[in-house]
Amino acid sequence: MFYDDYSRRLGFVMRVMSCRRSEKDGRILARRFGCNKEGHCVSIRGKFGSVRKPRPSTREGCKAMIHVKYDRSGKWVITKFVKEHNHPLVVSPREARHTLDEKDKRIQELTIELRNKKRLCAAYKEQLDAFAKIVEEHSNQIAKKVENVVNNLKEFEHLEHALLRSKQDAI
């Protein structure tokens, strides 16, 4: 959210470049955010020529970015920051709203929607984890009860056999 606000104030559109997650629990360990003009558009060509209608590229090879990492201390740490853009920035936020093309606006909308969905997914995951823990605890309790019943039955069978032997010995 910080870099998104920063990008708007400065006059460019932020894009999530990469995200590294923990293999253990799926939580985010590192993220890289950058300018939406990063990289260059690669034309897609088929066997018989261009597949797409040629359009002017919005990418300009911009290197501006920030890389953040979740530290062992439990804090987010900036590990790399490139401030310089290789293209003109929009001077004021009002101008930025007018100069963003429809694609950039849609990217912003989808980024916000994705961020909200990720928060919702994280909340659902937390609830599912709590539910799974409860189910596991109940399973353990049931397993203990079943084990007690089996042990009681074995003890009862043992007593029953001993009683039968004593009756047979008495006859």
Side-chain angles (χ1 to χ4, degrees), residues 1-140:
M1 287 170 37
F2 164 78
Y3 196 67
D4 193 32
D5 290 341
Y6 167 78
S7 71
R8 274 194 232 123
R9 275 187 277 115
L10 211 64
F12 69 98
V13 177
M14 183 220 47
R15 188 171 71 172
V16 177
M17 313 296 274
S18 65
C19 177
R20 202 178 107 219
R21 293 183 176 274
S22 166
E23 290 180 10
K24 289 181 185 175
D25 57 11
R27 66 188 167 91
I28 297 171
L29 299 176
R31 275 210 147 150
R32 189 166 60 98
F33 304 98
C35 178
N36 73 324
K37 295 188 183 291
E38 180 267 346
H40 292 283
C41 185
V42 179
S43 65
I44 298 175
R45 296 181 51 85
K47 288 181 182 178
F48 306 106
S50 181
V51 174
R52 283 196 222 162
K53 181 171 70 173
R55 295 186 189 127
S57 175
T58 58
R59 304 275 184 101
E60 299 187 24
C62 184
K63 302 283 186 203
M65 58 82 75
I66 187 170
H67 187 267
V68 292
K69 198 166 138 180
Y70 197 69
D71 198 344
R72 289 178 192 251
S73 66
K75 294 181 180 179
W76 285 97
V77 178
I78 297 171
T79 57
K80 186 173 183 182
F81 177 68
V82 178
K83 183 178 177 179
E84 296 77 24
H85 292 263
N86 67 347
H87 55 90
L89 299 173
V90 179
V91 179
S92 73
R94 282 188 184 153
E95 287 179 46
R97 285 191 197 104
H98 296 301
T99 59
L100 293 178
D101 63 9
E102 288 304 312
K103 231 198 269 188
D104 290 340
K105 287 178 186 174
R106 186 69 181 139
I107 287 170
Q108 280 184 330
E109 290 168 3
L110 290 172
T111 301
I112 291 167
E113 186 179 336
L114 181 63
R115 190 177 301 133
N116 291 337
K117 297 287 183 190
K118 283 184 177 180
R119 285 185 188 132
L120 192 59
C121 284
Y124 288 152
K125 183 184 182 314
E126 196 174 301
Q127 289 175 350
L128 281 171
D129 289 343
F131 181 71
K133 187 176 180 180
I134 291 168
V135 168
E136 184 179 355
E137 288 171 3
H138 283 290
S139 294
N140 290 339

What is the distance from atom [atom1] of [X] to atom [atom2] of [Y], rounded to the nearest 0.5 Å?
X: E84; Y: C62; atom1: CD; atom2: SG; value: 9.5 Å
X: E113; Y: L120; atom1: CD; atom2: CG; value: 11.5 Å
X: K83; Y: L10; atom1: NZ; atom2: CG; value: 7.5 Å
X: R115; Y: L110; atom1: CZ; atom2: CG; value: 12.0 Å
X: M14; Y: R8; atom1: CE; atom2: CZ; value: 8.0 Å
X: H85; Y: S7; atom1: NE2; atom2: OG; value: 8.5 Å

Q.
Checking R27 now: which residues fulfil salt bridge (charged side-chain N to carboxylate O under 4.0 Å, His left out) with it, not counting sequence neighbours?
A. D25
Taking atom [atom1] as the centre, does [X] end up with more than 12 heavy-atom neighbours from other residues, nucleotides or ligands that are less than 6.0 angstrom away?
X: K118; atom1: NZ; value: yes
X: L29; atom1: CG; value: yes
X: E126; atom1: CD; value: no

Q) Side-chain contact, heavy-atom cut-off 4.5 Å: F33 with D4? A) no
(Q) With heavy-atom distances below 4.5 Å as the criterion, would you say the side chains of R15 and E38 are in contact? (A) yes
Identify the heavy atoms of [X] and [Y] that sit nearest to each other, and give their distance.
X: G26; Y: R21; value: O-NH1, 2.7 Å
X: I28; Y: Y70; value: O-CB, 4.2 Å
X: G34; Y: M17; value: N-CG, 3.4 Å

Q) Is there any side chain to side chain donor-acceptor pair (under 3.5 Å) pair reaching into residues 71-81, and which pairs are they, with sequence neighbours excluded? A) H67-T79
Q) With under 30° as parallel and over 60° as perpendicular, where do the rings of F2 and Y6 fit, or are they tilted in between? A) parallel
Side-chain atoms of residues 128-138: list all donor-acceptor pairs with protein atoms under 3.5 Å, sequence neighbours left out, distances to 0.1 Å.
| residue | atom | partner | partner atom | Å |
| --- | --- | --- | --- | --- |
| D129 | OD2 | K125 | NZ | 3.0 |

